[in-house]
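Here is how names work: the chains are called A, B, and so on, in the same order as the sequence lines, proteins then strands, and each is numbered from 1.
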Amino acid sequence: MVCYDTPLVTYGLIRLQTPPGFRLSGVATAHGWHALAPYRWDAETGTLHRIEELPGGVTHLQITQPDTILVRADRTLTSADAREAERRLRWSLRLEEDLSEFHALCASDQALCEAVRPSGGRLLRCPTLFEDVIKVVLTTNTTWTQTKAMAARLVATLGAHAPGDPSLRAFPPPEAVAVAGEIVLKEQIRLGYRNTSVLRIAEDVAEGKLDLEALKDSDLPTPELRKRLLALPGVGPYATATLLMILGRYDELGIDTELRSHVSRKYFNGEAVSEKDMRAVYEHWGQWRYLAYWFDPQ
DNA sequence: GTCCAGGTCGCGC
DNA sequence: GCGCGACATGGA
């Protein structure tokens, strides 16, 4: 029997140990994030593509799951690169997250159980909270098609690339967005009125006034975390709930048009529903409300 | 041309 | 606290 101490690195290859029952295909596609650059999901081969700027340079990572999670890089990785790639991917794939209590609660509902099974309830996230915050802002008051286009332009315009290959670019760090400034955002990246919020968040992080990464794995009580997210420009109640989900806090529902129509259709015969109605439906799921809604079958 | 999309913000009451 | 319109962008 082969036992992999993590990370086991050979040239450009990393293996990640996974929790029992982990399915990459389910986790990658459980929500839309896999379609936002610099992620790309290839359903044919079951490969999650991701471009990351590692200490040693911009790297194309191809993540598959023949048995354990296998990460192939398009270049030889130093051990520092491999450690960093592993750290980012373990966070993104939520390999440390314990959802066993949610699974136990799902057991009583077979349809829900089946909806949860492919991903185990793990929703893909980005290596940095900065990237997730920007992407959540890009989902507000627009269509999914435009969200994808905005993320693609942000990466294509400002993302770092390996020498000689500008087609593969990483997500721009806050400094790159801050330096780009409002003209580039307005004329090239075209985030609409979100330009202002995105630029301000990037500037605040770049200047050290805002430490988003410290909110990951912080033991702040959820109400305090909520307050800090809500304070970000362009981040209202819906975006806050989504970001709390990103951070592994599932007790708050993101109230938006999708939730409204789902609850109306499934529980109220298509009639108009109030915010109170929506909350009541998932109330008994306590700290698992977001996941209970997310995987709630039609 | 008009409407609106997985909202947010600032205003007036 | 609550209701209302404006807000950039691009597709229907």
Side-chain angles (χ1 to χ4, degrees), chain A residues 29-37 39 41 115 119 121 123-126 130-158 177 180-204 210 212 223 225-247 249-268 270 272-279 281-282 289-298:
Chain A
T29 58
H31 70 146
W33 256 211
H34 64 276
L36 299 184
Y39 273 126
W41 171 248
S119 66
L123 300 173
L124 182 69
R125 58 189 169 188
C126 298
F130 171 70
E131 181 177 339
D132 275 322
V133 167
I134 300 306
K135 285 179 171 173
V136 169
V137 169
L138 299 190
T139 66
T140 58
N141 193 31
T142 188
T143 57
W144 182 240
T145 307
Q146 294 216 58
T147 299
K148 286 190 283 189
M150 288 188 267
R153 285 194 297 267
L154 189 54
V155 168
T157 310
L158 301 179
V177 179
E182 51 185 88
I183 307 289
V184 172
L185 279 162
K186 180 171 170 44
E187 295 182 358
Q188 291 183 251
I189 305 175
R190 304 193 301 280
L191 308 179
Y193 64 85
R194 300 165 200 79
N195 284 336
T196 317
S197 331
V198 167
L199 184 56
R200 221 176 89 203
I201 293 168
E203 286 172 343
D204 286 356
L210 173 64
L212 289 176
L225 205 46
R226 182 180 190 283
K227 214 174 84 187
R228 299 207 190 176
L229 294 168
L230 202 49
L232 300 172
V235 175
Y238 159 75
T240 294
T242 308
L243 287 166
L244 285 171
M245 170 281 279
I246 293 284
L247 290 169
R249 318 265 185 134
Y250 301 109
D251 53 313
E252 187 158 345
L253 289 171
I255 306 284
D256 65 2
T257 54
E258 282 296 311
L259 175 65
R260 191 174 294 280
S261 60
H262 173 76
V263 169
S264 163
R265 211 179 321 118
K266 177 160 179 174
Y267 300 98
F268 290 83
V273 291
S274 69
E275 204 169 309
K276 204 174 151 193
D277 293 330
M278 295 186 264
R279 293 191 194 286
V281 169
Y282 300 100
R289 288 182 194 115
Y290 192 105
L291 292 179
Y293 155 61
W294 189 262
F295 292 99
D296 191 15
Q298 287 289 307

> Please work out whether the ring planes of A/Tyr290 and A/Tyr250 are parallel, tilted or perpendicular, with thresholds of 30° and 60°.
tilted

> Would you kindly give the CD1-to-P distance between A/Ile246 and B/dG6, to the nearest whole Å?
18 Å

> What is the distance from CD of A/Glu252 to P of B/dG6, rounded to the nearest Å?
21 Å

> Walk along nucleotides 7-12 of chain C from 5' to 3' and tag each nucleotide B, S or - by protein heavy-atom contact under 4.0 Å, base first, then sugar-phosphate.
SBBB--

> Let me know the distance between CZ of A/Arg200 and C1' of B/dT8, rounded to the nearest Å.
13 Å

> Check the distance between B/dA5's C1' and A/Leu259's CG and give it to me in whole angstrom.
17 Å

> With no hydrogens and no angle check, is any side-chain donor or acceptor of A/Thr140 less than 3.5 Å from a backbone partner on A/Val136?
no

> So if I apply the side-chain contact (heavy atoms from CB on, under 4.5 Å) rule between A/Asn195 and each of A/Val184, A/Leu185, A/Ile183, which one comes out positive?
A/Leu185

> Whether A/Glu252 and A/Arg226 form a salt bridge (side-chain N of Lys/Arg under 4.0 Å from carboxylate O of Asp/Glu) is what I want to check.
yes

> How many whole angstroms separate atom CE of A/Met278 from atom P of B/dG6?
15 Å

> Could you point out which residue of A/Leu243, A/Leu210, A/Ile246 forms a side-chain contact (heavy atoms from CB on, under 4.5 Å) with A/Val133?
A/Leu243

> Examine distances only and state if a side-chain atom of A/Ser264 and a backbone atom of A/Gly270 form a donor-acceptor pair shorter than 3.5 Å.
yes

> What is the separation between atom CD on A/Glu275 and atom C1' on C/dC2, rounded to the nearest whole Å?
12 Å

> Is there a donor-acceptor contact under 3.5 Å from the side chain of A/Thr142 to the main chain of A/Thr139?
no

> May I ask you to decide if A/His31's main-chain N or O and A/Trp294's side chain share a donor-acceptor pair within less than 3.5 Å?
no

> Is A/Tyr290 touching bases, backbone alone, or none of the nucleic acid, heavy atoms closer than 4.0 Å?
nothing

> Between B/dG7 and A/Thr257, is there an OP1 or OP2 to side-chain N/O distance shorter than 4.0 Å?
yes

> Kindly state which residues belonging to residues 230-239 of chain A come within less than 4.0 angstrom of DNA chain B, counting heavy atoms of the residue only, listed by number.
A/Leu232, A/Pro233, A/Gly234, A/Val235, A/Gly236, A/Pro237, A/Tyr238, A/Ala239

> Quickly work out the A/Leu229 CG to B/dG7 P distance and round it to whole Å.
18 Å

> Okay, side chain of A/Lys266, backbone of A/Ser261: is any donor-acceptor separation there less than 3.5 Å?
no

> Quantified in whole Å, what is the P atom distance between nucleotide B/dG6 and nucleotide C/dG3?
23 Å

> Using atom P of each nucleotide, how far apart are B/dC11 and C/dA8 to the nearest Å?
15 Å

